[in-house]
Every structure is written in C-alpha cells, then in structure tokens.
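It should be emphasised that the depicted structure is a prediction, and the values quoted were computed from it without experimental measurement. Residue numbers start from 1 in every chain, and the chains themselves are labelled A, B, ... in the order their sequence lines are given, proteins ahead of strands.
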Amino acid sequence: MIRTRFAPSPTGFLHIGGARTALFCWAHSRKNNGKFILRIEDTDLERSTQASVDSIIDAMNWLNLDYDEGPFYQTKRMERYQEMIKQLLDSGHAYRCYCTKEELNQMREEQKAQGLKAKYDRRCLNKETHDNNKPYVIRFKNPTGGSVVWHDLVKGKIEISNQELDDLIIARSDGSPTYNFCVVVDDLDMKISHVIRGDDHINNTPRQINIFKAFNQEVPLYAHVPMILRDDGQKMSKRTDAVSVMQYKDMGILPEALLNYLARLCWGHGDNEIFTMQEFLEWFNLEHVSSSPARFDIKKLFWVNSNHIKMKDNHELAALVIEILNQKNIQVKESPKLVDVIQLVKSRSDNLNSLAAECSYFYNKFIPTAEEINQYLTNDALVILNKFTNELINLTSWDLQSIKDLIKNFCANENIKMPQLGMPIRLKICGTKNTPSFDEVIHLLGKTEVIARLTPNA
RNA sequence: GCUCCUAUAGUGUAACAGGUUAACACGUCACACUUUCAAUGUGAAGACUAUCGGUUCGAGUCCGUUUAGGAGUACCA
C-alpha cells in the first residue's frame, strides 16, 4: 500500500514550493491507489499559528488536493513521542546530556578554531550519576561507524558517512520532542511508504534513517524534489515575491493551471505542456522528476492559464467571473447571457480578472479617457456615429450577418475605412478600444442596449 | 571550513538502456490574418549540452577534476 504524506509546518501560508511537493505526494498516492495524508508539524509552538493551519488547508482545498487522512497535529501526539523517547532510552539508543548552551557554544568554537567540524563530542555519553535537579536534554546515540545509504527516487544513490552526523537532540530540556524525532515516529505510526519532500531535507534524512533503525523498523522510500527559485535564480522571498498559493488565486489563475505549471516545473512527459489533472495522473512518475532546481516563470504560468481558460466550460467560468464582477459592484444581467459573453471573449484573457474585465462592459457602460475621446470621438466621428445609429435603429433583423452587412455597406456608402467607424463605436458602447469584433459585440449586446448607449444623452 | 545536492538556448522540459545536423514549449523578433488589443497561423534568431580530463569505434548521456549556485552543520522545522 502506497502511503504518502504532506507535512507543512504552520508558520505561514502555503507557498508554491509546498504546493508542488503536495501535488507530487498527492499524485503519487492517487496514481497508485494509495492514501494521501496531511500532517501539521506544529512542534515549534513559538511560530505555529492556527491561522496558518487554516490558510494551508484553504489553499489545499482550492487546489483540489484532497487528502484521505488527517490533518494530524504533532502537538496532539506528545504522549506518543514521550513513550518512544523512553523506548530509545531503555534500549540504550539515547542518553541524557547536561551540557549548557554556553558549554556547547564554547565546544564548537574550539573545534572550529582547530579546523574541525563542529560536532557534539559526547562528553555526557557515559555519565554514570544523574543529578535530577539539573536540566538535561536527550540525545540520540548515532552510530559512529559505516555510512547511511539510500536510493533516492529522484536523486539516485546518496551516501553519507556516520562520521558526519552527531548525536542530535531528540528532547529539549523542557521535555518536548524535536522535529527529526517526531517525523520518524509519525512516519512510522502513519505507515508512510514514500517520503516525498523538498531537497532541503536531504541532510536530515540520514539522521532519520538511523532513528528508524534504532527502532528496528523498516525505513520508507525517499524522494527529494528540487526547489523552486525566482526567475533570477535567487531563493524566493516572502517579502518580494508572490510565494503564497492564494496570491495566484487573486491574480486570476485557475487552480488546475497552477498545478499544471507547477507539475511542468521539474517534471516532463515528452512535449506535453498543457494537460488535465487526469492526464497528469496517468503520466506522473517520481523517477521522471528532475533533480535540479527550477526557476519560476510567471509569463509561462499565464500562458498555461490562458490555455486552461480556453478549455474550461463556460458555465464554470461564469460562476468565477460573477464573483469578481460582484466585487466590483457590477450586476450581471439576464441579457446578454454571461456564458455567451464568455464564449466571445475567453480567448482574449490569460487570467480571470481580465476575463471579468472583458465581460464587464457588456453590463456596465464605462467612460473612455479624455485622451481617447480627443483622438477618436471627434466631431466628424460623432456625425458618422449618428448616421450609423439611425441605420441600426432601422435594422429589422438583429442577427450577426445582417449587422455585418450593414456595417460593410455603411462604410462603403460613407467612403470610410472600418476603423473610422469601429473605434468610435467601441469607445461609445464599451468605453474601451480593446474589444472583440465590434459587429459581434453589437450583436450580443442587443439592439435596445446598443441604441441606448449610442444615443447622446444616454 | 566540512558534508551533501545541482549544472542542456534567456526560461522550463525532451533526447526513455551512450549512436547521424541536440528537440518541444514559454519568452524575444519578423511576417500573415484582423477593424483595435488580443487570439490564431507561419517563420527567424538563440545551446558546440558550466570547466578540464578519462573510458569508448562513438558521450549531453558513464567516471574523475575544477568552477559556480544551493542545503545542512540549532534545545528551528
């Protein structure tokens, strides 16, 4: 049984690197009929907040990354950790350490001064007498010889000598367990088969494997996926970059488009660029995940998004667009139908916000800028517009072909070029220069509304 | 410093067990279409596969070197 887990620590929102990891965890379990588990790693009480938990779950929901078990909280499993710490203590795989922070710092400095690697020197390992009045931490007794080897599903074989590892603290002086220990106990209890996480955890892996072995348990398989960097190759920063998944929602990105783009970063299936989640599940394979970090290219994200907008059902798009229009206090009317408007304009937008903007002038008359008025709504243009309006009023059948014919004949009779009529019309009825074919706009908007908008005092 | 990870056009991936002129997409530029902006279509420029060396009849693909990025080296996660 394949069991994967996504284990964020709730110290902020879900960022896109996390979302990509979650996506791969989710995909790997879904593809193999396994289970996907959400675990909240909140042992850092100082920095963890409920608001972060909520926002992470909101983001997962928005992305449609559904989990089968959880969310589990580490803070609710403290008794279990204590039990397991005692086990290690009893089996001789852990010991008390009474060193103070000052003492440790001094030790490290001395080691560095001698050009050595800073490493706990085990001065408390064989302490016979225990003074219960003195505070102590509990350290894991790491093997000293040999090395830890695992075959990473993404990176290949990784080998780290035990010489490089020191006896990490598994319980703080207040008794609380630390990250590397909790992870092992959780992965054990939750029967995780595949640990898929960011490659910033590679260095933690050998320590965790050693703890698994101390418990005499089978270690899971590991897959360390590379980081996502900024377009200039620097690390993403919360301060300057859009790293929160929900910021992309606000930018009008579709969740399936974000996932598609994120999947394409660090993974590929031949030349396929645009795919549905179903196709992704068919094709996804951890072994095809690339091992080098990728840079985030927002232009391509928008391109991917525009493709998904074109693919998406008009009714579903309408529901999303209505929300945005409502926020702008624009009421969608019965006519023209929003789905028809969307059909006309959807190829013009690479995000939901601009799609909504393209729809908005069908329901609300906007006022052009002074500059536009000066350029296009000249006296001559207004005279032409007047004549054209009269012809529209007299037009008996309001079908697209009739409107097209009318425009064509009108321009011929007036001896003007299309833009001379088109641009003023766009500004007059839409309030903007950038619209689809104005014959289609006129047709869709309907006679009453078009005449009203073209009439001077309307 | 030490350990580990990484390195194919500006960007992202391809080239699935080493085999002809390294492909596709985004981006850029040009042209076409159009009534404007887009969308769409066609085409162009752009990499000697980070370095040096080795194995091989043959290497982007295997091995080593150097360099450059990144991660860790916490009573953070």
Does [N] pair with anything, Watson-Crick or G-U wobble, both distances under 3.5 Å, and if so, with which nucleotide?
N	value
rC4(B)	rG70(B)
rA45(B)	none
rU40(B)	rA32(B)

So what does [X] hit on the nucleic acid, given a heavy-atom distance under 4.0 Å: a base, only sugar-phosphate, or nothing?
X	result
G422(A)	nothing
P436(A)	base
C266(A)	sugar-phosphate
R197(A)	nothing
S290(A)	sugar-phosphate
K235(A)	sugar-phosphate
K433(A)	base
S176(A)	nothing
Q420(A)	nothing
H224(A)	nothing
K101(A)	base
C99(A)	base
D439(A)	base

Using the side chain to side chain contact (heavy atoms under 4.5 Å, CB included) rule, pick out the option among V345(A), L445(A), L344(A) that qualifies with E440(A).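 When V345(A), L445(A), L344(A) are each tested with E440(A), the side chain to side chain contact (heavy atoms under 4.5 Å, CB included) holds only for L344(A).
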Within the modelled atom types, does a donor on one side and an acceptor on the other bring the side chain of [X] and the base of [N] under 3.5 Å apart?
X	N	value
K300(A)	rC26(B)	no
N204(A)	rA77(B)	yes
R108(A)	rU73(B)	no
N434(A)	rA38(B)	no
R295(A)	rU11(B)	no
S173(A)	rC75(B)	yes

Can [X] and [Y] be counted as an ion pair, charged N to O under 4.0 angstrom?
X	Y	answer
D152(A)	K157(A)	no
R123(A)	E103(A)	yes
K346(A)	E358(A)	no

Calculate the interatomic distance between [X] atom [atom1] and [N] atom [atom2]; express it in whole Å.
X	N	atom1	atom2	result
F275(A)	rA14(B)	CZ	P	11 Å
E164(A)	rG1(B)	CD	P	15 Å
E103(A)	rC75(B)	CD	P	13 Å

Distance, [atom1] atom - from [M] to [N], rounded to whole angstrom:
N	M	atom1	value
rA22(B)	rU65(B)	P	29 Å
rC52(B)	rG70(B)	C1'	23 Å
rU49(B)	rU11(B)	C1'	16 Å
rC37(B)	rC31(B)	P	13 Å
rA45(B)	rA77(B)	C1'	47 Å
rA25(B)	rU20(B)	C1'	25 Å
rU40(B)	rG27(B)	P	9 Å
rC62(B)	rA17(B)	C1'	12 Å

Of all the choices, [options], which nucleotide is nearest to the side chain of [X] once you look at every atom?
X	options	value
S437(A)	rU35(B), rC24(B), rC4(B)	rU35(B)
D271(A)	rA39(B), rA71(B), rC24(B)	rC24(B)
R207(A)	rG72(B), rA77(B), rC26(B)	rG72(B)
I160(A)	rU3(B), rC24(B), rU40(B)	rU3(B)

Check each of R122(A), R96(A), K119(A) against D167(A) using the salt bridge (Lys or Arg N to Asp or Glu O under 4.0 Å) test, and report the only one that passes. R122(A)
Quick one: is the NZ or CZ of K76(A) closer than 6.0 Å to the six-membered ring centre of Y73(A), and within 45° of its axis?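 Yes - K76(A) lies over the ring of Y73(A), closer than 6.0 Å to its centre and within 45° of its axis.
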Check the pair K408(A), D405(A) against salt bridge (Lys or Arg N to Asp or Glu O under 4.0 Å), reporting the backbone distance first and the verdict last. CA-CA 5 Å; K408(A) 216 171 171 184; D405(A) 291 343; over 6 Å; no
Distance-only donor-acceptor check, side chains E109(A) and N105(A), under 3.5 Å: no
